[in-house]
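Worksheet: the structure to be examined is printed underneath.
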Amino acid sequence: MEININIDDKLKDVQVLISGSDIEQLADIARYLKSKNTSSRQLAIKTADNIRVVDKADIIVIESFGNDLTFTLKNNQKLTTRKTLKKFLEENSKYDFVQISKSEVMNLSYLSKMESAFSGNYYAFLTNQTRVTVSRRFIKGILSRLEGSAEDEIL
């Protein structure tokens with residue numbers, strides 16, 4: 001099997017071309033690739049009375065209250081669903097979400113600046129004029145994500 005990778009800055013998304021003569025092997029490879037494509041740009045949020053589909057890029061902050069998550073969107077709309085914060089982070093580990101406290105996650109795309117607060121904590125100022133507190137336990141994970149590391153510390 002030969003694998004070629006071409007980088008094309010003109011493409012907006014990943015494009016895969018599979019070539020060969022064994023149709024079953026090609027189909028197996030295509031099925032495998034489709035099963036690994038879990039980084040959807042949209043998220044279905046099941047609320048009390050409906051299911052909302054939102055772009056992950058529109059999510060600014062996620063707060064956890066027990067098994068309930070409250071999503072704050074860029075239009076300041078709030079949506080609440082039943083899911084744990086840990087499960088959400090596991091399902092969306094490849095996106096720009098980073099845990100900032102035991103009960104809160106922020107989208108790094110909306111981070112404007114950080115300032116030191118008290119007891120080693122920080123304040124994160126977001127582009128929507130919101131200020132959130134970042135626990136000192138999660139600073140290292142945020143800095144590694146900002147510096148390009150793929151792994152994040154999830155407690």
Side-chain angles (χ1 to χ4, degrees), residues 3-18 27 29-115 117 121-155:
I3 299 175
N4 295 315
I5 299 175
N6 297 316
I7 299 172
D8 187 347
D9 293 333
K10 296 174 188 162
L11 293 175
K12 291 184 179 181
D13 206 358
V14 175
Q15 182 181 30
V16 177
L17 173 66
I18 308 169
I29 293 169
R31 276 192 293 277
Y32 176 78
L33 290 173
K34 283 189 177 196
S35 72
K36 295 300 177 189
N37 187 14
T38 57
S39 60
S40 173
R41 292 189 175 121
Q42 293 186 321
L43 181 68
I45 300 174
K46 183 178 179 185
T47 64
D49 55 350
N50 61 30
I51 297 175
R52 290 281 314 273
V53 178
V54 298
D55 286 334
K56 289 179 184 178
D58 292 345
I59 300 171
I60 298 175
V61 175
I62 305 158
E63 296 173 275
S64 171
F65 302 100
N67 288 335
D68 288 344
L69 293 180
T70 300
F71 296 84
T72 302
L73 306 180
K74 71 179 183 180
N75 61 4
N76 287 325
Q77 183 180 15
K78 292 186 184 276
L79 301 172
T80 301
T81 189
R82 303 258 321 148
K83 184 181 282 194
T84 65
L85 193 58
K86 182 178 180 179
K87 182 153 177 76
F88 174 83
L89 288 169
E90 288 170 357
E91 293 171 350
N92 295 283
S93 63
K94 294 189 187 320
Y95 207 71
D96 284 340
F97 297 113
V98 63
Q99 191 165 4
I100 60 173
S101 70
K102 282 174 64 174
S103 62
E104 200 163 12
V105 167
M106 76 174 175
N107 186 336
L108 281 178
S109 301
Y110 289 93
L111 179 62
S112 176
K113 69 178 180 174
M114 292 179 62
E115 291 180 358
N121 293 337
Y122 279 78
Y123 291 128
F125 294 89
L126 307 178
T127 56
N128 70 340
Q129 311 307 318
T130 303
R131 182 186 83 178
V132 292
T133 302
V134 179
S135 170
R136 66 177 178 234
R137 294 173 54 196
F138 296 95
I139 294 296
K140 185 177 177 183
I142 293 170
L143 293 177
S144 69
R145 288 288 293 272
L146 289 171
E147 293 169 356
S149 174
E151 289 299 314
D152 195 15
E153 296 177 7
I154 301 173
L155 296 180

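Because only heavy atoms are used, hydrogens play no part in the values below, and waters and symmetry mates are left out as well, while side chains stay in. Counting from 1, the numbers follow the sequence of the chain as shown.
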Is there side-chain contact between Thr70 and Phe65, with at least one heavy-atom pair below 4.5 Å? yes
Carefully, step by step, assess Lys46 and Lys83 under the rule side chain to side chain contact (heavy atoms under 4.5 Å, CB included). CA-CA 10 Å; Lys46 183 178 179 185; Lys83 184 181 282 194; over 6 Å; no
Yes or no on side chain to side chain contact (heavy atoms under 4.5 Å, CB included) for Leu111 and Val98, after CA distance, side-chain angles and deciding distance? CA-CA 11 Å; Leu111 179 62; Val98 63; over 6 Å; no
Rounded to the nearest 0.5 Å, how far does CD1 of Ile59 lie from CG of Leu43? 5.0 Å
Shortest non-hydrogen pair, Leu108 vs Arg145, comes out as CD1-CB, 3.7 Å
Shortest non-hydrogen contact from Tyr110 toward Asp58: OH-CA, 3.7 Å
Just verifying a value: how many Å separate Asn128 CG and Thr130 OG1, rounded to the nearest 0.5 Å? 3.0 Å
Applying side chain to side chain contact (heavy atoms under 4.5 Å, CB included) between Lys87 and each of Thr84, Leu89, Leu85, report the one that passes. Thr84
With sequence neighbours left out, what residues match Gln42 under side-chain contact (heavy atoms from CB on, under 4.5 Å)? Ser40, Val53, Asp55
Nearest heavy-atom neighbours spanning Ser101 and Ser135: CA-CB, 4.2 Å
Check whether any side-chain heavy atom of Phe71 lies under 4.5 Å from a side-chain heavy atom of Ile45, and answer yes or no. yes
What distance do Tyr123 atom OH and Lys113 atom NZ have between them, rounded to the nearest 0.5 Å? 13.0 Å
Least distance between heavy atoms, Ala124 atom then Met106 atom: CB-SD, 4.1 Å
Could you work out, with side-chain hydrogen bond (donor to acceptor under 3.5 Å, both in side chains) as the rule, every residue matching Thr127, not counting sequence neighbours? none
Drop me the distance from Leu126's CG to Asn107's CG, to the nearest 0.5 angstrom. 9.0 Å
Flag side-chain contact, heavy atom, 4.5 Å: Met114 against Ile142: yes
Is the shortest side-chain heavy-atom distance between Ser64 and Leu69 below 4.5 Å? yes
Over all atoms of both residues, closest heavy-atom pair of Val132 and Glu104: CG1-OE2, 3.6 Å
What pairs with Ile18 under side-chain contact (heavy atoms from CB on, under 4.5 Å), at least two apart in sequence or on another chain? Val16, Leu26, Ile29, Ala30, Leu33
Taking the side chain as every heavy atom from C-beta outward, state whether Lys78 and Glu63 have any atom pair closer than 4.5 Å. yes
To the nearest 0.5 Å, what is the distance between CD1 (Ile60) and CD (Gln77)? 11.5 Å
